[in-house]
Protein chains: 2
Amino acid sequence: MQDVLKRPDIPACLRICAGTDGSVTQLLEVLTGKTVRVETIYQKVVKATPETARVLGIDQGEEVNDRLVTLKVDDIVYVLAKSLAPINRIPQAVRTDLMRADIPIGRILREHKLETRRDILKMEILHRDFFGELPVLSREYRIIYNNEILMWINECFPVDERWKM
Amino acid sequence: MQDVLKRPDIPACLRICAGTDGSVTQLLEVLTGKTVRVETIYQKVVKATPETARVLGIDQGEEVNDRLVTLKVDDIVYVLAKSLAPINRIPQAVRTDLMRADIPIGRILREHKLETRRDILKMEILHRDFFGELPVLSREYRIIYNNEILMWINECFPVDERWKM
């Protein structure tokens with residue numbers, strides 16, 4: 001287990017959401033008893049930079065779906081999530097849903113019955129402008145499909161009292 | 001979400017473990033900060049009964065790995081888990097690990113890098129001799145691999161104070 005997940009100063013509910021290899025949206029809904037709302041900050045198709053190409057294992061210049069969303073319950077932001085997905089690897093039927101951007105990724109994978117696995121790459125405490133002075137638990141992981149990276153995801157969870165549910 | 005998961009009389013930590021579409025073992029380890037131990041009650045290869053054949057979508061008489069284990073932390077049982085897996089559908093490399101029976105299934109899938117999905121079938125409150133008079137939250141789900149049922153699992157979680165962590 002990642003060391004961050006053992007820190008007693010991190011609320012248990014946050015540790016759970018950051019520690020799962022399943023859907024975070026689903027856990028948030030169980031924890032709060034309410035529906036999670038996805039709010040899109042941006043969603044665009046971009047050409048892969050050298051860094052993006054490296055992270056996704058694709059060629060520079062290939063098309064990538066780049067989306068930044070928040071997961072909210074009752075107008076409280078629990079997660080800021082960035083995802084990068086190479087367009088050519090997204091099954092055609094999934095593409096429309098993914099580019100609509102207001103559907104949680106876990107739900108998209110489930111509805112399209114994709115068989116995948118998740119590889120946690122990194123977990124650390126840092127700061128993000130979006131959350132101002134608050135420390136943030138950040139994790140990076142990949143969703144693997146057909147032995148290729150379907151998606152690279154970075155989720156940031158603000159570390160504060162909002163997780164005392 | 002299943003109605004059972006909204007019941008305020010069910011401890012939050014139990015609702016989380018029962019509600020995840022990821023690994024229960026991993027969540028239990030995050031919740032307790034300790035390693036989960038798998039204890040085997042039995043593990044055997046059996047011929048599929050008509051009922052087992054129906055549940056797994058195989059022919060009657062086919063070989064099935066039948067295992068019953070508990071997940072324990074500090075000698076406290078959190079989960080009683082029964083799994084049925086058609087031998088012919090288990091990739092060769094995975095078979096040995098699965099039949100050793102003391103490795104959690106989530107860890108086996110991860111280590112062998114299997115791409116899968118989980119379908120929750122049912123969730124209900126009932127009784128099980130193993131837990132005596134205690135009510136038990138029981139869930140059934142299937143792990144799908146290559147569009148076939150790799151495993152049918154029934155997890156039973158005793159509903160009591162042990163989940164107040």
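Just so it is clear: chains get the letters A, B, ... in the order the sequence lines come, proteins before strands, and each one is counted from 1. In what follows, every heavy atom counts, from backbone to side chain, and hydrogens, waters and symmetry copies are set aside.
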Under a 4.5 Å cutoff for heavy-atom pairs, which residue among A/Val30, A/Thr116, A/Leu31 has the most contacts with chain B? A/Thr116
A/Leu27, part contacting chain B, at a heavy-atom distance under 4.5 Å: side chain
Hydrophobic cluster identity match, A/Trp152 and A/Leu71, side-chain contacts under 4.5 Å: no
Looking only at A/Arg110, A/Lys6, A/Arg117, the option with the highest number of non-hydrogen pairs under 4.5 Å against chain B is A/Arg117
Reported CG-to-CD distance for the pair A/Asn147 and B/Glu115, which is rounded to 0.5 angstrom: 5.0 Å
Portion of B/Asp119 that has a non-hydrogen atom of chain A nearer than 4.5 angstrom: neither
Is A/Tyr42 reachable from A/Leu80 through a run of I, L, V, M, F, W or Y residues, each pair having side-chain heavy atoms under 4.5 Å apart? yes
Report which part of B/Gln26 has an atom under 4.5 Å of a heavy atom belonging to chain A: side chain, backbone, both, or neither. side chain
What option among B/Leu109, B/Asn146, B/Leu5 has the most heavy-atom pairs under 4.5 Å with chain A? B/Asn146
Selection from A/Lys113, A/Gln2, A/Glu29 maximising heavy-atom pairs under 4.5 Å formed with chain B: A/Lys113
Report whether A/Tyr141 and A/Ile10 are members of the same hydrophobic cluster (ILVMFWY, side-chain heavy atoms less than 4.5 Å apart, transitive linking). yes
Should we say atom CG of A/Asp9 is surrounded by more than 12 heavy atoms from elsewhere, each under 6.0 Å from it? yes
Grouping I, L, V, M, F, W and Y whenever their side-chain heavy atoms are under 4.5 Å apart, do A/Val36 and A/Val24 come out in a common cluster? yes
Please tell me whether A/Ile90 and A/Ile58 are part of a single hydrophobic cluster in this structure, the criterion being side-chain heavy atoms less than 4.5 Å apart. no
